[in-house]
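Following: one structure in structure tokens, then a few remarks.
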Number of protein chains: 2
Amino acid sequence: MFIPCGDEPHDDIRMTVNTLHRPTHRDALVHLEAAFEREDMITVFGRCTVDYDGRATSELGPGDRLVVLKPDGSILVHTDEKRTPVNWQPPGCEHTASVRDGRLRVRSTRSNPDERLDVFFERVDQCSTYAVDDRSDLELFGSEEDLRQHILSDPDILETGFEPLETERQSDAGPVDIFGEDADGNPVVVELKRRRVGPAAASQLRRYVDAFHREFGDGETIRGILVAPSVTDRAAELLDREGLEFVALDPETGERPPEANDESGPETEEEEE
Amino acid sequence: MFIPCGDEPHDDIRMTVNTLHRPTHRDALVHLEAAFEREDMITVFGRCTVDYDGRATSELGPGDRLVVLKPDGSILVHTDEKRTPVNWQPPGCEHTASVRDGRLRVRSTRSNPDERLDVFFERVDQCSTYAVDDRSDLELFGSEEDLRQHILSDPDILETGFEPLETERQSDAGPVDIFGEDADGNPVVVELKRRRVGPAAASQLRRYVDAFHREFGDGETIRGILVAPSVTDRAAELLDREGLEFVALDPETGERPPEANDESGPETEEEEE
DNA sequence: AAATTCATGTCGTTT
DNA sequence: AAACGACGTGAATTT
């Protein structure tokens, strides 16, 4: 069992990859169960059908696919297309394998919500297990958090005289990205987005501003500013109708984008109420 | 080259899987380029670093990972955790491989947006290519579309006397899921969700109702009904404040859920304006 | 190509 | 455990 694949022996003591080529279902089963035990990462190439029942329900007819089983309990069924697996199960599931009706069944289940994914192989072309050592974490730049840091370290890039007072300030509608004051002392609610914004972001900002209106009373003038690299026309109209503002900023640089649809150009005519 | 893995020959004429175990970078390179040409699906196990630059920027230090390359131009880099790849590129990218500085580089690029993903292998443990035949399409049940069909085939499950007039009806705020009339002839805007709804769904419905107010004038009474299996407290409050309604329906069955937080029970006291 | 919205979204964070 | 919002969201549909 677990004979390393290849024609000559290798000088490594510990084999990280164990591969079965065209195994019988029973051999694949033993291979899989040992890998579950070792917490290896597993790939299976083969012809299969897939059955899912959980938050939704799905059926997938026969085809050649790549199935990936991870030691964290996730499973992915990949066809030859798309970045998204055709079927899957998130981390935290229990994997089991068995042979039924002449087919290899790989089952992944979880509760809360109750979900079950069955992959039935009529043929296994290859079954590999891989002992993984990975301690590196991804470093990502250009997130909304980066945009926030840009504004906090130089608030004038948002607006001259803007003073941030609190991040993640709680409101009745949830935590607000940046809460602060403008040069005139008016409260300002700032909502950040790392990419071009549509109507949903405008509505989100509106919910926050409304919450402060309820908190502070109708007397106060509360400004809402949406910050993103650019904005769609419909979102710009919505912001306009709601008396909200837009400022164009790039999340990677924290600077005004070269020439964005920022709508904050020359004609900054606001409706006084 | 492309010697099928295993100890004895197989009776199949066409080998679907070709596997190299612990290949040199140069052998892996040749293997990869032939697979690109054949449009095979590819998996690579090995120790690598990853470099991404595009909509954002990321760096990933050394670790053992599974890299999947698909013939549609997508690439996935999977660690031993998470359903989501740690790095990736969507379909439509161009894959290339080369050997640089003693490492195998797999590069995936695209334009619009300009993005580049580099995987640098210091060690390749296994490189497999797989000729895929998959013509089956996924059949999925329990989507928002199914929920809509339930309501259209029996409108009374929404509300006695409800009459659907149009689906995807255009409005100033975008297409509305179902537009219809209630028993009294009032226009009704119906927004569907396949799962429990939060504040965003309530705001979405409000945008649609507002758009019809602008279209029909302020005289008309326009009702907005959010349909989903359940609703969060905050969203229920928001709906209440906005004068919108909620109806609990399950997307798979089209029936009232057993006992959901539907807020449409006995106390249906509305504020008249 | 841009805009909009759905998704078995997934994932992290906070309550 | 539930709620809420970000995400390099991806993917489909329509304009």
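Chain A is the first sequence line, chain B the second, and so forth, proteins listed ahead of strands; every chain is numbered from 1.
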Contacts of type ring-ring contact (aromatic ring centres under 6.0 Å, His included), residue [X], not counting sequence neighbours:
{"X": "A:Y130", "result": "B:F45"}
{"X": "A:F141", "result": "none"}
{"X": "A:F162", "result": "none"}
{"X": "A:F120", "result": "none"}

Review point. How about A:Q89 and A:Y52: does a side-chain donor come under 3.5 Å of a side-chain acceptor?
Key: no
Exercise for review: Would you kindly say whether A:S230 and A:R196 are connected by a side-chain donor-acceptor distance under 3.5 Å?
Suggested key: yes
Practice item. Identify, with sequence neighbours excluded, every residue that meets side-chain hydrogen bond (donor to acceptor under 3.5 Å, both in side chains) alongside A:R194. Key: none
Practice item. Quick one: list whatever passes side-chain hydrogen bond (donor to acceptor under 3.5 Å, both in side chains) with B:R241, sequence neighbours left out. Key: none
Find the distance [X]:[atom1] to [N]:[atom2] and express it as a whole number of Å.
{"X": "B:E252", "N": "C:dA7", "atom1": "CD", "atom2": "P", "answer": "12 Å"}
{"X": "A:L147", "N": "D:dA6", "atom1": "CG", "atom2": "C1'", "answer": "13 Å"}
{"X": "B:D114", "N": "C:dA1", "atom1": "CG", "atom2": "P", "answer": "12 Å"}
{"X": "B:N87", "N": "C:dT10", "atom1": "CG", "atom2": "P", "answer": "20 Å"}
{"X": "A:L76", "N": "C:dT8", "atom1": "CG", "atom2": "C1'", "answer": "13 Å"}
{"X": "A:Q89", "N": "C:dC11", "atom1": "CD", "atom2": "P", "answer": "12 Å"}
{"X": "B:R194", "N": "C:dA7", "atom1": "CZ", "atom2": "P", "answer": "6 Å"}
{"X": "B:L226", "N": "C:dT5", "atom1": "CG", "atom2": "P", "answer": "14 Å"}

Point to revise | 5' precedence on DNA chain D between A:R207 and B:L117 (nearest-nucleotide basis) | key: A:R207
Practice item. Using a heavy-atom cut-off of under 4.0 Å over every strand shown, decide if A:E191 touches base, sugar-phosphate, or nothing. Key: sugar-phosphate
Practice item. Check every strand shown and say whether B:A173 touches a base, only sugar-phosphate, or nothing at a heavy-atom separation below 4.0 Å. Key: sugar-phosphate
**Study point:** Rounded distance in Å between the C1' positions of C:dA7 and D:dC7
**Key:** 13 Å
Practice item. With P as the reference atom in both, quote the distance from D:dC4 to D:dG8 in angstrom, rounded to an integer. Key: 23 Å
Review point. Is any side-chain heavy atom of A:D118 less than 4.5 Å from a side-chain heavy atom of A:R105?
Key: yes
Study note, to complete from the structure: Sorted by chain and residue number, the side chain to side chain contact (heavy atoms under 4.5 Å, CB included) partners of B:E168 (sequence neighbours excluded) come out as B:R148, B:P175, B:D177
Can you tell me if the side-chain N/O atoms of [X] get under 4.0 Å from OP1 or OP2 in [N]?
{"X": "B:R234", "N": "D:dC4", "result": "yes"}
{"X": "A:Y208", "N": "D:dC4", "result": "no"}
{"X": "B:R196", "N": "D:dC4", "result": "no"}
{"X": "B:Q204", "N": "C:dC6", "result": "yes"}

Check your understanding: Does any residue of residues 136-146 of chain B have a heavy atom under 4.0 Å from DNA chain D, and if so, which ones, in number order?
Key -> none
Review point. Considering heavy-atom distances to DNA chain C, does A:A56 or B:G174 have its closest nucleotide positioned more toward the 5' end?
Key: B:G174
Check your understanding: Between D:dC4, D:dG8, C:dA3, which nucleotide gets closest to the side-chain atoms of A:T232?
Key -> C:dA3
Practice item. Can you check each nucleotide of nucleotides 10-15 of chain D against protein heavy atoms at under 4.0 Å and return B for base, S for sugar-phosphate only, - for none, in 5' to 3' order? Key: SSS---
